[in-house]
> 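Dumping the structure here so I can ask a few things about it.
Computed from heavy atoms alone, side chains included, the values below leave out hydrogens, waters and symmetry copies. Quick note on labels: first sequence line is chain A, next is B, and so on, each numbered from 1.
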Protein chains: 2
Amino acid sequence: MNKKTQGTQRRDESLSRERIIEAAIEILDSTGESGLTFRSLSEKLATGPGAIYWHIADKSDLLTAACDAIVARTVDAQARDTTPKSGIRKLALGIFDMMEAHPWAGSALIRAGGKMPIVRILERVGPHVDALGVPKSKQWATVSALLNYMLGVGAQNAANTLLARSGEVRRSELLDGVSAAWSQLDPANYPYTRSMASYLLAHDDRKDFLAGIDLILSGIDSGRNTN
Amino acid sequence: MNKKTQGTQRRDESLSRERIIEAAIEILDSTGESGLTFRSLSEKLATGPGAIYWHIADKSDLLTAACDAIVARTVDAQARDTTPKSGIRKLALGIFDMMEAHPWAGSALIRAGGKMPIVRILERVGPHVDALGVPKSKQWATVSALLNYMLGVGAQNAANTLLARSGEVRRSELLDGVSAAWSQLDPANYPYTRSMASYLLAHDDRKDFLAGIDLILSGIDSGRNTN
DNA sequence: ACCTGAACACCGTTCAAGT
DNA sequence: ACCTGAACACCGTTCAAGT
């Protein structure tokens, strides 16, 4: 009856930073980082590319904001009542799973500098490290180590899914390919990498990720005694 | 006298993969990752963009090859006669310094997947880890942890120099900016990050990087006993 | 076999003009 | 204040044509 509220192609909600970021996340999740352009985004939002610039500074701002939104969700889903060690382990696994589900978030997180998404993670890791008894003067180095490790894993995962996407191969097939390439390396020059080829096939990403966290955690432990 | 050998604009050496990669490194070092385009590269080589594609598959191939060249130099400069621990520390510092000198290499390394530059590093770290007494079944996870940590630091350094370049600020000023932003965060929601703002100003990148390596190394140590 | 350079199909970003 | 969409200044990559 009411023509005004029927709306054909015209969006009913007005544009907003939140709506833009939400749409960006949908595009990133479905088509990856290369699928997100100001044209694809403005098409999804039924507007022009220029309109987005009223709410978003530039593409880097958009990526950081999209990343921040999912980091916030991940971090808020964490239980607060745990021991420091299990708190760190659970947080790390949460970040890992987040990066697995949203591969673009890994590279976005690394490019975010000291902005909000990093702050959110820092704000969770820090108190756990403090509760572990690490002296204030060493906390920055310790927290950095945990953070850098998580980011390194995430960024490499992101790179791998990117490679897999472009080459029309799945993640597991990509690992198969790397393993095969390694096993064909010159034994004289690359004996170690060759020997790792079979381990690469059998390994469990998530488990190895946690093993790295545990390595750092027990490094923190032994540091406390000799301090 | 001899017009043929005087050569005006015309290059005398013919194009080759090596010459292209060498020129790419020069551009990357002087103008950063965004300065390297097939146009700028072909201009430096006094040829057309299409010519490069006869020797190089695509831009990702070019970046990986450029990265591999400087990783090879770094790794070859390492002394071989050291204890495992100091070997790992020296290698890690070598990689760190390399990434500081060539910020583009950090992101290139991360996007290289399991290709040559990674293999070179693996081939150095692996034997040290083996000599440390880590059982074969745990070596992949251990080597991965070290590698991921190094890549995480490098990629973040790369991102920071990129941010600094685009914003016309130097690296140190960027850190000042982050520190200032952190000290203005809401104390109720971000107390920990706020408290780290001052430490961020005083810290030493290289020292903290090494502290992280040492954390992992002593984690490996304590794992050996409870194994 | 190797090189040339115009052309194609895109990008992020800007900006006069509208409402 | 907010949106439109054409235009600008780029990209990576391809490919017919040359040598």
> Rounded to the nearest Å, what distance is computed from the CD1 atom of residue A:I56 to the P atom of nucleotide D:dC2?
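Taking atom P of D:dC2 as the reference, CD1 of A:I56 is at 14 Å.
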
> Locate the shortest heavy-atom distance separating B:D58 from B:F38; write the atom from each residue and the value.
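Looking at all heavy atoms of both residues, the shortest contact is C-CZ, 4.1 Å.
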
> Tell me the interatomic distance from B:F38, atom CZ, to C:dC10, atom C1', rounded to whole angstroms.
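Taking atom C1' of C:dC10 as the reference, CZ of B:F38 is at 15 Å.
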
> Who is the Watson-Crick or G-U wobble partner of C:dC2, with both distances under 3.5 Å?
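C:dC2 is paired, partner D:dG18.
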
> Can you tell me the pairing partner of C:dG12 across any strand shown, Watson-Crick or G-U wobble, with both distances under 3.5 angstrom?
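C:dG12 is paired with D:dC8.
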
> A:L62 has an atom CG; how far is it from atom P of C:dC11, in whole Å?
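Atom CG in A:L62 sits about 14 Å away from atom P in C:dC11.
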
> So what does A:L36 touch, heavy atoms closer than 4.0 Å: a base, only the sugar-phosphate, or nothing?
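Since only primed, P, OP1 and OP2 atoms lie under 4.0 Å of A:L36, the category is sugar-phosphate.
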
> Where do A:P117 and A:V71 come nearest, in terms of heavy atoms and distance?
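So the minimum-distance heavy-atom pair works out to O-CG1, 3.7 Å.
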
> Separation of B:L45 atom CG from C:dC2 atom P, in whole Å?
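In whole Å, C:dC2 P and B:L45 CG are 16 Å from each other.
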
> Can you tell me the distance, in whole Å, between the CD1 atom of A:I20 and the C1' atom of D:dC2?
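To the nearest whole Å, that distance equals 11 Å.
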
> Should the pair A:W140 and B:H203 be assigned to parallel (<30°), tilted (30 to 60°) or perpendicular (>60°) ring geometry?
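Ring orientation, 0 to 90° scale: perpendicular.
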
> Which listed nucleotide (D:dG12, C:dG12, D:dC3) is nearest to the side chain of A:W54?
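Within the option list, the nearest is D:dC3.
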
> What pair of heavy atoms forms the shortest contact from A:Q139 to B:Y192, and how long is it?
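For A:Q139 versus B:Y192, the nearest heavy atoms are OE1-OH, 2.7 Å.
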
> Counting heavy atoms from C-beta on, name the nucleotide in C:dC3, D:dC3, C:dG5 closest to the side chain of B:H55.
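The answer is C:dC3, which lies nearest to the side chain.
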
> Would you say that more than 12 heavy atoms from the other residues, nucleotides or ligands in this model lie under 6.0 Å from the CD of B:E43, or not?
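Atom CD in B:E43 is not crowded, with 12 or fewer foreign heavy atoms closer than 6.0 Å.
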
> A:P49 has a side chain; which of D:dG5, D:dC3, D:dT13 sits nearest to it?
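Nearest to the side-chain atoms of A:P49, counting from C-beta on, is D:dG5.
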
> When you measure from the side chain of A:T37, which nucleotide among C:dT13, C:dG12, D:dG12 comes out closest?
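Among the listed nucleotides, the one closest to the side chain of A:T37 is C:dG12.
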
> Rounded to the nearest angstrom, tell me the gap between atom CG in B:D61 and atom C1' in D:dT13.
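To the nearest whole Å, that distance equals 14 Å.
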
> Look at the side chain of A:R39 and decide which nucleotide, out of C:dT14, D:dC8, D:dC3, has an atom nearest to it.
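That would be D:dC8.
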
> Just how far, in rounded Å, is P of D:dC10 from NZ of B:K59?
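The answer, rounded to whole Å, is 15 Å.
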
> Closer to the 5' end of DNA chain C via nearest nucleotide, is it A:S34 or B:I52?
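Result: B:I52.
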
> Quickly work out the B:Y53 OH to D:dC15 P distance and round it to whole Å.
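In whole Å, D:dC15 P and B:Y53 OH are 12 Å from each other.
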
